[in-house]
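Contents: one structure, followed by commentary.
Just so it is clear: chains get the letters A, B, ... in the order the sequence lines come, proteins before strands, and each one is counted from 1.
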Number of protein chains: 2
Amino acid sequence: MTFVDQSIKILKKNKYKITGPRMAVLNVLEEAKIPLSAYDIEEHVPEHIPINVVTIYRVLDVFETLNIIHKVHTKEGYVRCDFELQKGCHSFAICNKCGRADEFLQEKCDLKSTLPKKLAYKSLSHISELSGLCEQCA
Amino acid sequence: MTFVDQSIKILKKNKYKITGPRMAVLNVLEEAKIPLSAYDIEEHVPEHIPINVVTIYRVLDVFETLNIIHKVHTKEGYVRCDFELQKGCHSFAICNKCGRADEFLQEKCDLKSTLPKKLAYKSLSHISELSGLCEQCA
DNA sequence: TTATAAATGCAATAATATTTTATTTGAATT
DNA sequence: AATTCAAATAAAATATTATTGCATTTATAA
Ligand SMILES: [Mn+2]
Ligand SMILES: [Mn+2]
Ligand SMILES: [Zn+2]
Ligand SMILES: [Zn+2]
């Protein structure tokens, strides 16, 4: 099942409408090789589909909430989620040279289990992003 | 040894000059309870010490390189480092309500050791930030 | 004290993100 | 097929964060 089809399924399940802007953003992110900003996405949407950047931000918000996409904070950009399951912690390895962001799962993640208790923090979410050089760029 | 004194020592050891703007930023961050943006810092500097925000960005760059401060990506703000040693991984727990960012050390951190190898990534640095509610706000 | 690399100031601009209000539309219901 | 309305979008303004290039100043060492 493609990323777009999977995303449509999740949107419907959660009572979100399938709209032009949402489809446009999904199609752009399906193909993207590196994290894209809202403005990058605006540029990648076909010209015959006009789309407002504020709308893109709102679409991205919904997609993030549904874990269809993730924000890569190190790059201020957005990427599709490469994993269907919500098991484990979705983390990123980012190449400083070519810009790619590879998602990987952390099965046992300190941040989710032991650490919040030690810190007396009620954990809601967290981000783990590693920067370095990918195999091709190393 | 205070944060400011420690920072001066590190600056000198690395052949950076001790300047007005650098001292001003150090003094602001020494007192700050939550992550501050460059513009926040500008506002906190005493009025009789004029300081350009571009300079603040440049000062912050140097401080980050020297690990005197860290950027909290979840908040787009900067905080002083609370640990002297560069041992372990410096991570943050951030309160969504009051905004405080508590630094903690991860002694054995998956991101630094095993995972980059599995991913064929040459790891240079990484960020770990947990969001939630602190003890007071929970 | 003087020389000089380092640091800063200034002006312009870029990049990312949010708020508010008015209007449009997807899709469920009739 | 038409109706209905919450949900979604557009538009305009504004806010926030960050960078670049070039002229000038300054902290420190010699
Ligand atoms: Mn994911
Ligand atoms: Mn630290
Ligand atoms: Zn690469
Ligand atoms: Zn709190």
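Distance, B:Glu76 CD to C:dT18 P: 10 Å, rounded to whole Å. A:Asp61 places its CG atom 16 Å from the P atom of C:dT16, with the value rounded to the nearest Å. One can place CG of B:Asn14 at 16 Å from C1' of D:dT28, the figure rounded to the nearest angstrom. At whole-Å resolution of the value, NZ in A:Lys15 and C1' in D:dA8 are 17 Å apart. Following rounding to the nearest Å, A:Ile56 (CD1) and D:dA11 (C1') show an atom-to-atom distance of 14 Å. The nearest whole Å value for the distance from the CD1 atom in B:Ile18 to the C1' atom in D:dA29 is 15 Å. Nucleotide D:dA27 holds its P atom 13 Å from the CE atom of B:Met23, rounded to whole Å. Summarising the geometry, the separation between CG on A:Leu36 and C1' on C:dT16 is reported as 14 Å, rounded to the nearest angstrom.
Residues B:Asn67 and B:Cys81 come closest through the heavy atom pair O-CB, 3.6 Å. Considering every non-hydrogen atom in both B:Lys12 and B:Ile18, the closest pair reads CE-CG1, 3.9 Å.
Between A:Pro21 and B:Tyr16, the one whose closest nucleotide on DNA chain D sits nearer the 5' end is A:Pro21. With the nearest nucleotide of DNA chain D identified for both B:Tyr57 and A:Val54, A:Val54 has the one nearer the 5' end.
Residue-level contact check: B:Lys71 touches the backbone only, with heavy atoms under 4.0 Å from sugar-phosphate atoms and none from bases.
B:Asp82 has its side chain out of reach of B:His90: every pair of non-hydrogen atoms, C-beta onward, lies at least 4.5 Å apart. Here the side chains of B:Val28 and B:Asp40 are not in contact, with every heavy-atom distance at 4.5 Å or above. Contact check for A:His73 versus B:Glu129: no side-chain heavy atoms found under the 4.5 Å cut-off.
At a cut-off of 3.5 angstrom, the base of C:dA14 holds no donor-acceptor pair with the side chain of A:Tyr39. Side-chain atoms of A:Arg58 stay outside donor-acceptor range of the base of D:dA7, with no qualifying N/O pair under 3.5 Å.
Close to D:dA10, at under 4.0 Å from its OP1 or OP2, lies a side-chain N or O of A:Thr55. For the pair A:Thr19 and D:dT9, the criterion of a side-chain N or O lying under 4.0 Å from OP1 or OP2 is met.
Comparing atom distances between the A:Tyr78 side chain and each of D:dT17, C:dA17, C:dT8 picks out C:dA17 as nearest.
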